[in-house]
Amino acid sequence: MSRIAYVNGQYVPHIDASVHVEDRGYQFADGVYEVIPVVGNKLIGEGGHLDRLQRSLGELKIEEPMKRDPLKLVMREVLRRNGVVNGLIYLQITRGVAPRDHAFPLDAVSSLVMTAKKTSLEKSEKKAEIGVAVITVPDIRWGRCDIKSVALLPNILAKQEAADRGAYEAFQYDVDGFVTEGTSTNAWIVDQDGTLITRPESNSILSGITRADLLALLETENIKVELRAFTVEELHNAREVFLTSSSAYVQPVVEVDGKVIGNGKPGSISANLREIFKSYMNN
Ligand code: PDD
């Protein structure tokens, strides 16, 4: 019996089952999932799994692709078509397909996929008789912001909060109150003495290429920059604030948390740096 997957309303051969490249699950890890054990045709802990699924969807404000009863029917049909009596059923729901943009799309329809596979209770029994080994590792979920991973769920939630509050970007801060970076940009300030400050490279930020290129340009132009973390308070009291990224280049910021920066217009240093960056791009 060949494996069958359920993809957005259709039962398709597992080998051909696919979602669009701009599915937000693929692009941003913007989705949720459940794995339910099946033993003797019974979905074990089904209610708990479906409650948690509903909760996860609610927390992420993802539309339920279908109600619980039809979902249960589809799960059973997936099991039937795959001849799974003992095994696992996997469900994944994402925010759907939309042009890549961190904030939630307005009109995406959530995607639902399901797969099922057989597992052997005997194998599990054997392992249980012997026992297994574990190791300990530091819990770094997710402390590796230096990796340009597609696991961007925290970033998109923060970007959406920015959008909800009428802002372009959210600058994130760490447990000590120091700004790390934007959700898709690096953060910079100019303090009241005119010193340029940006956080140094570490696991806490993505080492932006725009940031690195701008740092190199500053060196050529003999403009000093302090590579250090700055606090949210310093950000609020900065003379100028700007952000850098491949999509925004050098973008002046004129308001932070509702507080006007400078005179509410792009500052002269930020504007100058944008010009410097533009000429670098144009040459
Ligand atoms: N974002 N920090 C984060 C978390 C980012 O995702 C990005 C880039 C940057 C800036 O890096 P660079 O200068 O190399 O673009 C910093 C891209 C633009 C995006 O996700 O759309």
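Both counts, for ligands and for their atoms, begin at 1 and track the order of listing. As the structure is a computational prediction, the values presented were derived from the model and not from experiment.
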Report, in ascending order of atom number, the atoms of ligand 1 lying under 4.0 Å from any heavy atom of Asn155. 4 (C)

Considering only protein heavy atoms, which is closest to atom 13 (O) of ligand 1, and at what distance to one decimal place? Thr210 OG1, 2.6 Å

Please list all pairs passing the ring pair (Phe, Tyr, Trp, His ring centres under 6.0 Å) test where one or both residues lie in residues 168-206, with sequence neighbours left out. Trp188-Phe242

Kindly identify the option in Ser207, Ala212, Ser184 whose heavy atom sits closest to atom 9 (C) of ligand 1. Ser184

Protein residue, atom and distance nearest to atom 14 (O) of ligand 1, heavy-atom basis: Ile209 N, 2.8 Å

Run the salt bridge (charged side-chain N to carboxylate O under 4.0 Å, His left out) test against Arg24 and tell me which residues pass, sequence neighbours left out. Asp30

Closest to atom 2 (N) of ligand 1 by heavy-atom distance, out of Glu181, Arg211, His102, is Glu181

Distance check, rounded to the nearest 0.5 Å: Asn155 atom CG versus Glu181 atom CD? 7.5 Å

In terms of residue, atom name and distance, what is the protein heavy atom nearest to atom 4 (C) of ligand 1? Thr183 O, 3.3 Å

Ligand 1 atoms nearer than 4.0 angstrom to some heavy atom of Ser247 are 18 (C)

For the pair Glu129 and Lys126, find out whether any cationic side-chain nitrogen is under 4.0 Å from an anionic carboxylate oxygen. no

What protein heavy atom lies closest to atom 15 (O) of ligand 1? Include the residue and the distance to one decimal. Ser246 OG, 2.6 Å

Can you tell me the protein heavy atom closest to atom 17 (C) of ligand 1 and the distance? Lys148 NZ, 3.7 Å

Suppose I only count heavy atoms of Asn186 and a 4.0 Å limit; which atoms of ligand 1 are within that range? 10 (C), 16 (C)

Side-chain heavy-atom pair Pro37, His49 within 4.5 angstrom cut-off: yes

In terms of side-chain heavy atoms, does Glu64 have a donor or acceptor partner in Ser110 at a distance below 3.5 Å? no

Is atom CD of Gln192 surrounded by more than 12 heavy atoms (other residues, nucleotides or ligands) closer than 6.0 Å? yes

Report yes if some N/O of Gly182 lies less than 3.5 Å from some N/O of ligand 1; otherwise report no. no

Within a 6.0 Å radius of atom CZ on Phe277, are there more than 12 heavy atoms belonging to other residues, nucleotides or ligands? yes

So do the side chains of Met114 and Ile89 get within less than 4.5 Å of each other, counting heavy atoms only? yes

Subset of ligand 1 atoms that lie under 4.0 Å from at least one heavy atom of Arg100: 19 (C), 20 (O), 21 (O)

Give the contacting part of Thr185 toward ligand 1: side chain, backbone, both or neither, where contact means a heavy-atom distance below 4.0 Å. backbone

Atom 11 (O) of ligand 1: which protein heavy atom is closest, and how many Å away? Gly208 CA, 3.3 Å

